[in-house]
Amino acid sequence: MANHKFGLAEAIVLFAVSSLARVFTSAPSDLISFTGQAAWMAPIVGLFICLIQVYFLWMILKPYKDKNLIEITENVMGRYLGTAFNLIFVLTFLGVNMLYLRIFSEGLILSTLPQTPIIIVGGVFIFCAVWAAYLGIESLARSVKIIYPLIFGGILILMLSLIPSFELTNLFPILGKGGKEILIGGALSGSVVVEGLVAAIIINSFSSRKIFPIAISRAMILGFLVLVLLEFVLLLVMHWASALELVLPFYSLSRLIYLGRIFQRVESIFLFIWLFIILIKVALLLYVTIVSLATTLKLKDYKPLILPIALITFMLSFIPADFSSTIYYSSEYLRKYFWIVGLGLPLIVLLTHFLKGRRKTG
Amino acid sequence: MKKVKLLCMILIIILMMLLLSGCWSNKEVDETAYVLVMGFDRGEDDNLLITFQIANPRELASSESGGENNKSYVFNTLEAPLPIAGYTLLNTIHTRKVSLSHTRAYIFSEELAKEGFQDVLYPLIMFRETRGSAYTFVCKGKAMDLMKKSVESMGGSLESSPSKQFELFEKITKQLGFSYMINLNNFYKGSKNLYMANFLPLLGERKKDVEMESKDENDYFGNYLPGEMPEKGENVQFIGMSVFKDNKMIDMLTGDETRYLLFLWGMMDESVLVIDDPIKPEHKIGLYLKQHSKPDFEIDLDPEKPKIEIKLSIDVFLVGIPNGVDYASSTNKEKLEDTIIKVFNERCHDLIDKAQKEYKKDIFFLAERVKMKFWDNGSWEDFDWDKKFIKADIGLEFDIKIKQAGKQIRTE
């Protein structure tokens, strides 16, 4: 499973781009509803939490030469509890992917393809993800390496094009709804990042295990920097009370660009960036779900699981009754409880590992 | 193996040809009716009277090469409870699918603006096809009549497309200072700001039977609402601003008042002012004004009576002196500068009085400056700006300098 390897640069851009996907959902507006005009500060707190998660994961991974998080969890927690933990990881990836798939499909229908059935939009995404899973993680990482200047360049152009609409006073009172809310909003924004766990599972695809902490922390810094800047721009362009109402804030911002008759109606350009990021996110999550399950079940090859898991993800994505319910599930459950899996389980594994180690040495 | 690969490639190419040719959401240009302007009036039984101005592409092309402008647009007025209802009903008249993706302006009637049009604004903002960058106006009289009049008067004007006409309005307002363009997104954003009045530019139709009466006396210039400017013609006039409080229009500001408001906002690019000559009062002189820099604000947050000092810096260029007075000389220049300061002081204080006593609402975006002094929303809300604003002591300071006396000096 780990024959295809990629280096530090590929790892940084892959996980940074994947973590950017939430910018294209209603996450920036959710953050504004928690913190008001201080929403740009909250991701800084979130980044701190993510870096702690990366540290915990590295402490778990470091003592092993060739094991990934799934194998280490089973090793440390024992066969039954380890398998249970690993199945929780698998189900979490499946759940996150299904929610992202539905949010992205609905978002695309809402913004540009109103007449297209959701089954077609979601079907195209999952088809591409299946293809990517067959090609392997290396192809995905190298594709991102080729296209990332377009993604970051496009986001930068979006921000610069909106400068004429900036109103600095929108950012005041500077602490928005208050310091406590910034911390809560930050914690919620930081706890939902899956990229640390994903990297800990595909660590054997890295050219060297040692690049894990550098790659993931840099990717997180890059991803959170873009989130901070986009929240900043969103608040500078819109009053926070109207920005929190937006379902797709990034898309709404791109529709506001108007630099004279020549440079207007440019949202289709940003749609390409949006689509690429969606594809990367869905493909990466599908790949890691399959690899986690294959490792848990001790299968030699993950490929037989691609189609069944893709089909299950696709079908599960239709469980929420509508777009609003999907956003509700995402905000109420994923955002509030993901930290249990993202931070809690690795911490338990780490503590157990230390306790066992002490007992052995004792 | 090579044959299988080739077969796969051919299949992918065929699949791509099928997919790229379109999808469920495709729209052919010749199957779509593009609405360029939408007008809203109050209809019967709380319904809306919605007027759609739709582009007729074939006639539009011929009008640009000298054809009739009137035929370039199709007007449809429907009565419906919501914009989306009118939009849907419009398709029972036209076989082409109606699209709002190119709608450049929304015009609300004075009557509707006085009642408040949040019930129209929310659906417009929510609807997938509309754009926040579209211009928004309040018109004196009925929106339906004004839209038709606008096309008629366009026949005799230099523009053939309303989209370009509105875009040029924006450019020209920056050079006149009689109005200020506000788009749908900014108006919506303004409606969410509880501590500030909201604004929209005014449009109005000049009626034939209205008397030619100049209101530009005693240092007023552009003191008209749309439709009032004395003109021997029946054109649509674009001057002044409407003021909204709690989402209802409460007043209309003339072009002259708008000029001073824009200076206080710090949003004035250029403007022209005509005042009585301080040396030969029987004559008038023309001044070209430029805001030198954004206003400076000094804020003292006294809990009982906040004190705000606004300093305006304005550069003046003399453009029309009909009597030969040499304003290049330092004595005359000082005299003129003092007169301009006196005019500005009077007019700006009139506006401040109007805001504090009549509107009881901040119209100068002072709330945006004052809130910068607070750490969080809670303490800012507790300060209760609405109550503080009406009691606030607002002082003005002017730094007005004559920069150029025109192309001639020593004219005496």
Side-chain angles (χ1 to χ4, degrees), chain A residues 35-38 107-121 124 127 131 162 164-165 167-182 235 237-248 251-262 264-267, chain B residues 12 15 19 22-27 97 99 101-102 104 121-122 125-135 161 163-164 166-168 170-171 181 183-196 294 297 365-381 383:
Chain A
T35 57
Q37 52 276 64
L108 207 63
I109 287 169
L110 181 75
S111 54
T112 45
L113 301 170
Q115 313 295 331
T116 312
I118 191 162
I119 199 161
I120 299 295
V121 180
V124 170
F127 172 74
W131 197 345
L162 287 162
S165 313
E167 278 176 39
L168 196 66
T169 53
N170 283 353
L171 297 175
F172 294 92
I174 196 85
L175 291 180
K177 289 188 175 178
K180 198 178 99 189
E181 281 72 13
I182 295 174
L235 288 161
V237 173
M238 308 227 172
H239 189 270
W240 69 272
S242 57
L244 65 87
E245 295 171 352
L246 299 173
V247 177
L248 301 168
Y251 180 72
S252 302
L253 278 182
S254 68
R255 278 176 72 86
L256 285 176
I257 293 174
Y258 182 83
L259 298 174
R261 284 169 73 87
I262 289 178
Q264 56 170 325
R265 300 172 189 277
V266 289
E267 63 268 19
Chain B
I12 288 170
L15 194 69
L19 287 173
C23 59
W24 282 266
S25 307
N26 74 328
K27 269 184 190 172
K97 178 85 182 104
S99 168
S101 60
H102 283 262
R104 202 70 192 95
L121 189 64
Y122 284 127
I125 288 283
M126 275 180 84
F127 191 47
R128 189 180 45 78
E129 287 186 0
T130 56
R131 274 172 194 278
S133 57
Y135 298 118
S161 140
S163 304
K164 191 161 183 198
F166 289 122
E167 273 159 20
L168 291 178
E170 183 167 24
K171 272 192 177 173
M181 293 294 268
N183 65 31
L184 188 67
N185 180 55
N186 285 343
F187 183 70
Y188 183 67
K189 200 166 74 176
S191 74
K192 293 276 171 185
N193 192 337
L194 305 175
Y195 304 100
M196 281 284 312
K294 297 264 177 199
F297 294 85
F365 290 97
L366 295 175
E368 297 297 293
R369 308 270 165 185
V370 176
K371 74 178 184 182
M372 291 168 98
K373 303 259 176 192
F374 292 84
W375 280 107
D376 58 36
N377 289 353
S379 52
W380 164 235
E381 278 157 23
F383 184 68

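Naming convention: chains lettered A, B, ... in sequence-line order (proteins, then strands); numbering from 1 in each chain.
Remark: B:Arg104 qualifies as a cation-pi partner of A:Tyr258 under the 6.0 Å distance and 45° angle criteria applied to the six-membered ring.
Annotation for B:Lys189 and A:Glu167: closest pair NZ-OE2, 3.4 Å, computed over non-hydrogen atoms. Contact record, A:Arg255 with B:Thr130: NH2-O, 2.7 Å, taken as the closest heavy-atom pair. In terms of heavy atoms, B:Glu368 sits closest to A:Asn170 at OE1-OD1, 4.2 Å.
Among A:Ala38, A:Gly176, A:Ser111, the residue making the largest number of heavy-atom pairs under 4.5 Å with chain B is A:Gly176. For chain B, the option among A:Pro117, A:Gly178, A:Gly179 with the highest count of heavy-atom pairs below 4.5 Å is A:Pro117. The candidate with the highest count of non-hydrogen atom pairs below 4.5 Å against chain A, out of B:Ala367, B:Gly190, B:Ser101, B:Gly378, is B:Ser101.
Between B:Arg131 and A:Glu267 the shortest side-chain heavy-atom distance falls below 4.5 Å. Side-chain contact between A:Ile174 and B:Met372 is absent, with no heavy-atom pair separated by less than 4.5 Å. Residues A:Trp240 and B:Asn377 are in side-chain contact: their nearest non-hydrogen atoms beyond the backbone lie under 4.5 Å apart.
For chain A, the nearby parts of B:Phe374 are the backbone and the side chain; heavy atoms of each come within less than 4.5 Å. For A:Ile120, the part lying under 4.5 angstrom from a heavy atom of chain B is the side chain only. Looking at B:Trp375, both its backbone and its side chain come within 4.5 Å of chain A, counting heavy atoms on both sides. Contact annotation for B:Glu381: neither backbone nor side-chain heavy atoms come within less than 4.5 Å of a heavy atom of chain A.
Between atom OG1 of residue A:Thr112 and atom CZ of residue B:Arg128 there is a gap of 8.5 Å, rounded to the nearest 0.5 Å. Separating the OG1 atom in A:Thr169 from the CE atom in B:Met196 is a distance of 9.5 Å, to the nearest 0.5 Å. Distance check, rounded to the nearest 0.5 Å: OG of A:Ser242 to CD1 of B:Ile125 gives 8.0 Å. Interatomic distance, CG of B:Asn186 versus NE2 of A:His239, reported as 12.0 Å (0.5 Å rounding).
More than 12 non-hydrogen atoms from other residues, nucleotides or ligands lie less than 6.0 angstrom from NZ of B:Lys192. Counting non-hydrogen atoms of neighbouring residues, nucleotides and ligands closer than 6.0 angstrom, the NZ atom of B:Lys97 exceeds 12 such neighbours. Surrounding CZ of A:Phe127 are at most 12 heavy atoms belonging to other residues, nucleotides or ligands under 6.0 Å away.
For the residue pair A:Glu245/B:Tyr122, the side-chain donor-acceptor check at 3.5 Å is not satisfied.
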